[in-house]
Structures are given as structure tokens and as C-alpha cells.
S.K.: 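Structure provided below as C-alpha cells; questions to follow.
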Amino acid sequence: MDTEWIRNFSIIAHIDHGKSTLADRLLLRCGAISEREFRDQFLDDMDLEREMGITIKANRATLEYEYPGPQSGSGPRPRAAAPGSTSPAVGTYALNLLDTPGHVDFHYEVSRALAACEGVLLLVDAVQGIEAQTLANAYKAIAANLKIIPVINKIDLPAARPEDIALELEHVLGLPASDALFASAKTGVGVEEILQAIVERIPPPLGSPEESLKALIYDAKADPHRGVVCHVRVMDGVLHKADKVLLMAAGRVHQVSDLGVCTPKLTSRPELSAGDVGYFFAGIKTIHDVNIGDTVTLDGRPCPEPLPGYRPPQQMVFCDFYPGPGTTSAQLREAIEKLWLNDSSFNFTPAASPALGVGFRCGFLGLLHMKIVQERLERESEIDVVQTAPTVGFEILYKDGVTRILESPADLPPPEQIEEIREPYVRADLILPSRFIGGVMKLSESRRGAHQRTEYLSPERVVLTYEFPLAEVIYDYFDRLKSVTSGYGTMDYELIGFRADDLVKLNILVNSIPVDALSVIVHRSRAEYRGRRLITRLKKEIDRHLFEIPIQAAVGNRIIARETIKPVRKDVTAKCYGGDITRKRKLLEKQKAGKKRMKQVGKVAIPQSAFMAVLDTSE
Ligand code: GTP
């Protein structure tokens, strides 16, 4: 197909602003799904992705749209005439809707998906207005030089204030308020105008079918029966069935067994040409043989240069998984391997802790990614997992000039080998009602945040930009932000690099045994405070035993804080007089349930919650 008839676009939005609903609405209008399938989307609220506020629905399709020519539009607001531009030809267009992941941990994947488009619909809730991810995603679209069509959604709601929000967008992002379309994905109002605007405002793809093949892998999924499906945007050249393709960053050659487009079902086609978006299978067995952002070219006739911007996934948050009671190491390994086959961005290596036994050290893109993996492990394989507190990857500069990423505080080399310990930093945009500025600034300063700037979206709403050590925000900063702002604050952050500081390892000893899973790396000025807080928390989390348990915090050989858990001597079943067997059994059952997610360290049982207490930095 001549590229003049193609438009490639994504929908970008903050969570819950209606991205999936609008995608389904566009699919419905173009005949890709039925009325019943459209209604179903409103029902599937309960799955994991829903709970965690991320989308893995099929927001990806090639749509056929009959463009009727420029019209004034019958929606809630006439479309602004595109100044100076010649209007596109009347006829049938292929509109390729590309899916972008919705969460802060998947920044890189979002930017790759955007690199495959020429334009985006920037969807904003007509009641909530601009939120942190609205901004983060809009900045990415601007950086990728994409045409942005602002769409104000949910205008059916009584509290909708679309004009105000269009002005906010103009003020903060410089998108003219008159360009904004008003719509309701729920009722369908304004959807026709959106489709027309896609054809009129987003430029057709550039690129030539004559050139050698150059295609961008913007997403990949494991298919249980057919191997890995790669989702691609062809930039130049043509991809055919049976072609031998080279994945340039991976350096591997595969033969294409099937290719086509998503309608949204995978639908075979004979070829994908410059400008097209589609999928291919090439006998690729695991998701780890494919990298998002890699360039696909022909083995015999490669393109001279890969597409720019490729980088391998970078794990930033680490934790250990150990088998809980009733689960063996082998079962845990099997479960982790199974999951790993479906997720290209987490990694794992065996880990043995003197205190906790044999488990696995895993790396994740971020905290949400970690939570998803942990939940899936337990749900999909029905095993018990004890998880240690997440830590960030510190960069260690050794005296001999070598740098290495330290995935676990337990592996910190002795001080005499270390030149510098560097910690990862993020830049965070916080959006909140201006009346909460004071509280948020206080909270942020307590987390070693450095204020960068303050910008008003309107007199009532403000964007605060901070730089934080990642370690200070990963655990509960977001929850604290929500509580300080009565639920209104939103945040998005991006890694900006590593910075050296005066960091030390805080060791925790339970009953005189050092528990590496509880050790943390902290700023020296905060070591004593954190140590004290930590052992106070541990004292609450660990049950009394039949003996006294000392809990100590230490930096090097110096004990900086100590607590003692007093012994308990009572036999809990004694008061049942040995008579009431059902009551006794109930008590034992209860004790057994309580022991779930416990880990035995020497003679002491430590519950899962204690391992998570480590990163609770709240004041
Ligand atoms: P994630 O899947 O969490 O990323 O959210 P999303 O942006 O895809 O939002 P989704 O389409 O799931 O919509 C979020 C909620 O808003 C759902 O309850 C929708 O039914 C509702 N919603 C979406 N569009 C509209 C609209 O135009 N009007 C109203 N009243 N509700 C809408």
C-alpha cells in the first residue's frame, strides 16, 4: 500500500483516563470488534493488571477507516481547520494503533513504541486534568517529534471541564487549546472527529520499499504454541514470508514463518512494506532472544545502520525470592523459569543466604514490575514465596578503577577495596493541588530530595520537580505522597544516572546472627536513625520465642542500636485442659497459618513482613 494511505499512532494517557475504552471505541467504529466485545471491556475489572493499574489489553490493531473528506464535524466542538495544509484524499485508510505500556517502570518500552509512530492521541480526563504520566508521556512524544492531538475525554461526566483542561495543556505543553478535541469514549461522542483528525493531522509515514529492510521491534510476546511473536514497524524495505532476518543487536538470524497484521486477531499477509505495522514469527523460542528496540534487517542484504536508540533492559530494583514453608527450592526455580519465559525484562540468578537458605536474586525494571512478578509467581504456580526487601543497584567504583553494579548489599566488598559507592538518582515530576505544596516539600526533603523547580498548571495545580536517590522513593514514597495530598498527588520519575555519596552498609543481627537479607546501604548521616527504626520495627514483627532474642544494628563492627525481644514461656494449648480437641486443633491450625511466609534464621522465625520493614523509611 502507498504510504499516503497509512497513519501510525498511539494513545498516551495517565492511568484510568480512558485509553483502553477509547481504543475499543475506535475498534468498534472501524468494525474490528463487535458491540458485545466492546461492552465486555467494562466488565473485566478484576484481574491483576486492573488491580495494579496497568493495561495489557489488546490495544493494538490495524483499522480500516473510510475518510469522508474534511467536514466541520458534528461533535461537541468543531475541529479546527488545519492551517495551510492541503486536505488528504477521500478514501480508505489503514490506521495502525500501537499499544504502549502504561506504567512508570516501562519508560523505555513506551519510547520504543512511540518511535514507531508519526503521531499520538494525548488523552486527558476532563475531570482530573493533567496528571504526572500525562506529562511524562507527552514529553516523550515531543522528544520523538510526533504530531500530538490533544483529546479531552469523559466529557459526559457532570463535573467535566474540558475548556479549562484544554487551556492547561496549552499553558504547560504549548499545544493550542483550539486543537483539542472533546470526546467521551464511553458514549462515543467525538469519536468520528478523532478518526478524521488522525487522517488530517498525522503525517503519513516516510520510508521507501526500495531500500533494504529496516524494521523496529517495538514489542514482543511469548506465544505458548508458536514461539515468540515480534511486533514491528517497517521503516524501509519489505518483509516477506520465508525471509532470513537478522536481529541486529542480538546478532542472530531467523527465518520468518508467518507475518501479518493485528485486526486485532493476528491475520496473515504476504508482506509488510515500508510504513506498515504488523507482526512476524520466526521460530524464536524464548522472549530473551528478542530485544525491544532492536532492528530487523535481511540477512543477505542488511541495512547499513541499525535504528538509533537501542538499549538492553536495565534492572534497577533487586530482591531475593526464597521458598516459603511447603515449597521447595526446585518448585520455586520451576515457577521462576516459567515466568521468565514470558517476561524479557526481569532476570534471576541463584542466591544462597547463610540465614535464609537457597533462593534466587532477581532484578526488575522497578518496584511495580517486582510486585507483578511476585504476584504472578504465587498465583500462577501456587507456591509460597518469601521475598526480601527490594534494594536498588548501587554502582561501586573499586580502587583499581573497575566499576560494577552491586545487586545486593550483602555483596558489598570490604571498605579498603572501595573508592566510591554511587547510588542511582531519578528526576521526579509531582503534580498536586497547590494547597499541599508545604506537606509535599517537607516529605521530599526528608527523603533527600533536591527541589529543582515549581510550575503552576493553573492557580490551583502545580508541578514540583525533584531529584531523589532512587532508594529513597522506591518503597513507600508514593503512598506517602498520596496520603499527604489526600489522594490527589501523582508522580512519574525517570532515571538520570548515578551519584557518589557517603554511603555505608547497615548490618542487622538477629540473635547474634547477621541476616544479610535485612542489611541495607544508607547514607552515613542517616545510619543511626535508620538502624534504630529498623530494629524497633523488627521487634514488633518477630514473635516472642521461648528464649530472649537480641536484635542489633551495626555499621562495620560498631553496634549502633540494640533491642531485645523478651521470652515467652506459656504453652498456648495448655489452657485447653487437654479436653476440647476441636479447639486445640483450631489453635494449631491458626499457628500453622501464621507460620506461612516465615523464614527460620537459626532458632528464630522471622515473618515475611519483617523483610519488607527494611525499606520503610517513614518518619
Ligand atoms: P488503564 O487500563 O488502567 O491504563 O486505564 P485506561 O487509561 O486504559 O482507562 P480505561 O479505558 O480502563 O478507563 C478507566 C475508567 O474510566 C473505566 O472505568 C472506564 O469505564 C471509564 N471511562 C473511560 N472513558 C470514559 C468516558 O468517556 N466517560 C466516562 N464517564 N467514563 C469513562
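FYI, the numbering just counts along the sequence from 1. When a ligand or atom number is given, it counts from 1 through the structure's own listing order. Source: prediction; values computed, not measured.
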S.K.: Can you tell me which residue pairs pass the salt bridge (charged side-chain N to carboxylate O under 4.0 Å, His left out) test with a partner in residues 129-148, sequence neighbours excluded?
M.R.: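 Found E131-R461.
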S.K.: Going by the order shown, which atoms of ligand 1 are within less than 4.0 Å of some heavy atom of N153?
M.R.: 24 (N), 25 (C), 27 (O)
S.K.: With respect to atom 13 (O) of ligand 1, which of T21, D156, I15 exhibits the smallest heavy-atom separation?
M.R.: T21
S.K.: Describe, in one word, how the ring planes of Y466 and F468 are oriented to each other, choosing from parallel (under 30°), tilted (30 to 60°) and perpendicular (over 60°).
M.R.: parallel
S.K.: Whether R226 and D258 form a salt bridge (side-chain N of Lys/Arg under 4.0 Å from carboxylate O of Asp/Glu) is what I want to check.
M.R.: yes
S.K.: Mark up the atoms of ligand 1 that fall under 4.0 Å of a heavy atom belonging to L157, in ascending order.
M.R.: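 That gives atoms 30 (N) of ligand 1.
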S.K.: Once salt bridge (charged side-chain N to carboxylate O under 4.0 Å, His left out) is applied, what residue pairs with a partner in residues 107-123 remain, sequence neighbours excluded?
M.R.: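 Residue pairs passing salt bridge (charged side-chain N to carboxylate O under 4.0 Å, His left out), neighbours aside: E118-R233.
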S.K.: For ligand 1, note which part of K154 has a heavy atom under 4.0 Å away: side chain, backbone, both or neither.
M.R.: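 Both the backbone and the side chain of K154 come within reach of ligand 1.
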S.K.: Of the side chain and backbone of D16, name the one, both, or neither that has a heavy atom under 4.0 Å from an atom of ligand 1.
M.R.: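 Looking at D16 and ligand 1, atoms from backbone and side chain both fall under 4.0 Å.
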S.K.: Do we see a donor-acceptor contact under 3.5 Å between the side chains of E460 and S434?
M.R.: no
S.K.: Please report whether ligand 1 has a polar contact with T187, defined as an N or O pair separated by less than 3.5 Å (distance criterion only).
M.R.: no
S.K.: Which atoms of ligand 1 are found less than 4.0 Å from any heavy atom of H17?
M.R.: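 Close to H17: 7 (O).
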S.K.: So, W340 side chain and N347 main chain: donor-acceptor pair closer than 3.5 Å or not?
M.R.: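 The answer is no, because no donor-acceptor pair under 3.5 Å joins these two groups.
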S.K.: Where does S20 meet ligand 1, judged by heavy-atom distances below 4.0 Å: at the side chain, the backbone, both, or neither?
M.R.: both
S.K.: Taking both backbone and side-chain atoms of I155, is any N or O found less than 3.5 Å from an N or O belonging to ligand 1?
M.R.: no
S.K.: With a cut-off of 4.0 Å, which atoms of ligand 1 are near a heavy atom of S184?
M.R.: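 So the atoms of ligand 1 that pass are 26 (C), 27 (O), 28 (N).
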S.K.: Do D343 and R376 sit within salt-bridge range, that is, some charged N less than 4.0 Å from a carboxylate O?
M.R.: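 Here D343 does not pair with R376 in a salt bridge, since their nearest N and O are not under 4.0 Å apart.
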S.K.: Angle between ring planes, H369 versus F364, binned at 30° and 60°: parallel, tilted or perpendicular?
M.R.: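 Perpendicular, since the angle between the ring planes exceeds 60°.
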S.K.: Output yes when the distance from some N or O of ligand 1 to some N or O of G18 is under 3.5 Å, and no in every other case.
M.R.: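 There is such a contact, yes.
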